[in-house]
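Taking it in order: structure first as structure tokens, then the write-up.
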Amino acid sequence: MTIAARLDDTAVPELVLTGSGPRPDSAALVGRRARVDARVSGDGTTWTVRFPLEAARWGGAPRPLPTGDYALELIAAGGEGLAVAAEVPDTMTATLRAGLHSGILRVRPPIDPAYETGEGQAALERRYATRPQGLENAVFFESFSGLGASCNPRAIDRELARVAPGVTRYWSVVDLSVEVPEGAIAVVEGSPSWWRARGAARLLVVNDWLRRRYERRRGQVVLQTWHGTPLKRLALHRPGFDPRRMLAVVRESRRWDVLLAQNAFGERVMRKAYAFLRRPVWVEGYPRNDAVVSAAPGPLRAALGIAADERVILYAPTWRDDREEMVDHLDPARLAADTGAVVLVRGHSRTLLPGRDVRGARVLDVTTYPDMSDLLVVADTLVTDYSSVMFDFTATGKPIHFFTPDLEHYREDLRGFYFDLAAHAPGPLSTTQDELTATLADDSIAAEYAQQYARWQSRFNARDDGHAAERVVARILDQGFVDRA
């Protein structure tokens with residue numbers, strides 16, 4: 001059997017295979033976080049297989065494939081896999097760059113390879129970081145290093161678009177699989193347009209470290225929203241003395257003009273952890289939690305294919321410094337079977353690229369779902385460990401359970417905590433899955449933790465009232481970071 005391959009750069013780029021002999025029964029491109037099933041046509045003598053290089057998830061419109069490697073699976077009628085020896089050199093389209101090599105389709109962002117070199121990036125930095133032109137009435141948004149358009153920056157974007165529609169909004173993305181808010185402009189990290197936007201915008205709104213040797217231009221303002229009230233020690237407070245890390249932390253925090261905190265506790269910790277001592281911290285609650293306390297779960301459940309009367313447990317562990325992929329202490333399929341619930345699995349942003357989707361009956365991996373806030377609305381119960389999501393979910397008043405089999409290792413060896421979780425947690429801590437299942441079935445748990453839950457909310461959720469984005473954007477406009485018109 002002879003199989004030829006090519007990449008068609010049409011309105012929707014396609015990988016096209018053509019061959020002779022028995023027609024394949026099915027074909028797919030299988031990646032860690034996305035899958036594309038092909039269209040197979042032909043009369044059995046000659047045939048064609050077309051893989052559109054885009055995928056739709058979570059009820060949205062099709063988007064270009066996320067960056068990554070995709071195994072080419074070509075299956076004959078009898079279930080036998082067909083080897084594809086044909087090669088396709090890397091081809092650039094408007095939305096991605098892809099090539100087929102040894103049965104693997106490698107998808108990359110649509111950036112000219114000349115710009116990916118150190119010399120190419122340095123040239124772009126010099127071109128745009130020192131440009132003599134004035135600044136643009138624009139905001140440059142980035143969330144989790146461009147892996148999504150989410151979190152506090154997204155909520156601020158939505159409010160800014162509502163009250164100041166004349167402001168241009170750029171979103172930094174790792175590739176064009178990331179859907180940005182309506183009316184915003186996606187700029188792929190490392191591209192000329194990305195360097196230009198970051199150098200031209202008057203305001204940068206980010207929720208993590210700035211990268212690629214960012215140097216603030218005169219007149220630019222950086223609003224660091226961060227991405228959670230910290231339980232685990234961070235930055236200068238991390239265990240172990242590392243002078244290089246300490247220098248990097250101080251250099252990073254000097255790039256910020258304003259820091260956003262969810263609560264007074266977060267303000268105190270972040271000021272010291274990042275040596276952010278003399279510049280303003282806005283304690284306004286988290287804009288991302290506006291939807292958590294006000295959105296209705298019905299439409300969001302329907303988008304995920306979950307019935308209104310089904311119990312939903314969201315399992316959202318944090319990442320570990322000593323491993324790349326999500327922890328595997330808990331078996332989500334077993335949890336779903338033991339509780340009768342639908343189990344949503346949400347990995348941390350740091351485990352998105354190296355990890356792969358968890359599968360199982362009544363288990364839905366939502367690591368790639370665009371907005372965590374929606375998942376907090378959908379969930380009836382949260383199961384987490386040391387993730388800052390605990391401080392967001394308690395704004396809802398819904399029950400929270402902690403699954404902490406490695407508590408001592410995490411506290412003593414990996415990170416350490418700012419306070420004793422066991423003493424103050426607004427829900428029970430379990431160290432085995434059987435124990436967790438039992439606490440999830442115990443109807444008396446809510447009453448047992450009611451007072452502790454209320455104290456927690458008073459301490460951490462006092463400003464999560466559904467209006468945080470309004471307050472933050474009002475301060476942005478009042479201080480002239482961008483102009484309303």
Side-chain angles (χ1 to χ4, degrees), residues 144 151-152 207-209 224-240 249 259-274 276 281 283 285-286 288-289 292 314-323 326-327 329-330 346-351 372-373 375-376 379 381-431 436 439 449 452-464:
F144 298 117
C151 194
N152 291 313
N207 75 343
D208 209 332
W209 284 34
Q224 172 61 260
T225 74
W226 204 241
H227 49 265
T229 293
L231 166 68
K232 56 196 177 195
R233 294 188 176 275
L234 73 163
L236 297 177
H237 296 160
R238 290 178 63 170
V249 167
L259 177 63
L260 179 65
Q262 183 181 10
N263 45 57
F265 169 82
E267 177 194 9
R268 289 193 300 273
V269 168
M270 291 290 290
R271 277 195 183 279
K272 295 178 181 178
Y274 275 98
F276 196 84
V281 177
V283 183
Y286 268 167
R288 70 185 185 188
N289 289 340
V292 170
L314 173 62
Y315 175 51
T318 192
W319 66 291
R320 301 299 194 273
D321 299 76
D322 57 355
R323 61 187 297 164
M326 193 182 82
V327 292
H329 302 315
L330 185 146
R346 175 74 169 194
H348 191 276
S349 62
R350 288 181 180 260
T351 68
M372 179 66 160
S373 299
L375 305 178
L376 303 187
T381 304
L382 172 68
V383 174
T384 189
D385 44 23
Y386 325 113
S387 170
S388 63
V389 70
M390 66 179 74
F391 300 99
D392 303 306
F393 190 75
T394 51
T396 69
K398 293 184 289 190
I400 180 172
H401 293 246
F402 297 85
F403 185 57
T404 57
D406 63 343
L407 175 63
E408 183 176 354
H409 172 60
Y410 195 94
R411 182 185 59 214
E412 303 299 331
D413 302 324
L414 290 185
R415 277 300 185 97
F417 297 146
Y418 286 110
F419 59 84
D420 185 346
L421 178 63
H424 298 281
L429 275 66
S430 302
T431 58
L436 172 65
T439 64
Y449 281 87
Q452 204 150 294
Y453 201 121
R455 288 194 296 269
W456 178 284
Q457 286 183 309
S458 177
R459 184 181 186 188
F460 299 117
N461 299 120
R463 297 290 277 169
D464 291 320

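As the structure is a prediction and not an experimental result, all values here were calculated from the model.
- Closest heavy-atom contact between R233 and R415: O-NH1, 2.8 Å.
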Please lay out, stage by stage, how N461 and F393 fare under the test side-chain contact (heavy atoms from CB on, under 4.5 Å).
CA-CA 9 Å; N461 299 120; F393 190 75; over 6 Å; no

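- Around atom CD of E412, more than 12 heavy atoms belonging to other residues, nucleotides or ligands sit under 6.0 Å away.
- Within the model, atoms OG1 of T225 and CZ of R288 stand 8.0 Å from one another, a figure rounded to the nearest 0.5 Å.
- Considering only heavy atoms from C-beta on, V292 stays 4.5 Å or farther from D392 through its side chain.
- When side chains are defined from C-beta on, T431 does not count as touching L407, because their heavy atoms never get closer than 4.5 Å.
- Taking OG of S387 as the start and CG of L382 as the end, the distance is 8.0 Å to the nearest 0.5 Å.
- Between K398 and L376, every side-chain heavy-atom pair lies at or beyond the 4.5 Å cut-off.
- Between Y453 and I400 there is a side-chain heavy-atom pair separated by less than 4.5 Å.
- Of all non-hydrogen atoms in A425 and W456, the two that sit nearest each other are CA-CZ3, 4.2 Å.
- Separation of atoms CZ (R238) and CG (D321) is listed at 5.0 Å; rounding is to 0.5 Å.
- Contact check for D464 versus T394: no side-chain heavy atoms found under the 4.5 Å cut-off.
- Taking each heavy atom of F391 and P230 in turn, the nearest pair found is CE1-C, 4.2 Å.
- Residue R268 holds its CZ atom at 12.0 Å from OH of Y418, rounded to the nearest 0.5 Å.
- Contact check on D385 versus R320 returns a salt bridge, with a Lys/Arg side-chain nitrogen under 4.0 Å from an Asp/Glu carboxylate oxygen.
- Ring to ring, F419 and F265 are close: their centroids are under 6.0 angstrom apart.
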For a side-chain contact (heavy atoms from CB on, under 4.5 Å) check, start with the C-alpha distance between L421 and L231, then their side-chain angles and the critical distance, and finish with the verdict.
CA-CA 8 Å; L421 178 63; L231 166 68; 4.1 Å; yes

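- When all heavy atoms are compared, the tightest approach of V327 to P317 is CG2-CB, 3.8 Å.
- Under the 4.5 Å side-chain criterion, counting only non-hydrogen atoms from C-beta, L436 is not in contact with F402.
- The shortest side-chain heavy-atom distance between H409 and L414 falls under the 4.5 Å cut-off.
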side-chain contact (heavy atoms from CB on, under 4.5 Å) assessment of Y386 paired with R411
CA-CA 10 Å; Y386 325 113; R411 182 185 59 214; over 6 Å; no

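- Within the model, atoms CG of L314 and OG1 of T384 stand 8.0 Å from one another, a figure rounded to the nearest 0.5 Å.
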Where do T439 and F403 land on the side-chain contact (heavy atoms from CB on, under 4.5 Å) test, with the steps shown first?
CA-CA 11 Å; T439 64; F403 185 57; over 6 Å; no

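- Closest heavy-atom contact between A462 and S458: CB-O, 3.8 Å.
- In this structure, the side chains of N289 and Q262 come closer than 4.5 Å at one or more pairs of heavy atoms.
- The shortest non-hydrogen separation linking M270 to F276 is O-CB, 4.4 Å.
- Atom CG of N152 and atom OG of S373 lie 8.0 Å apart (nearest 0.5 Å).
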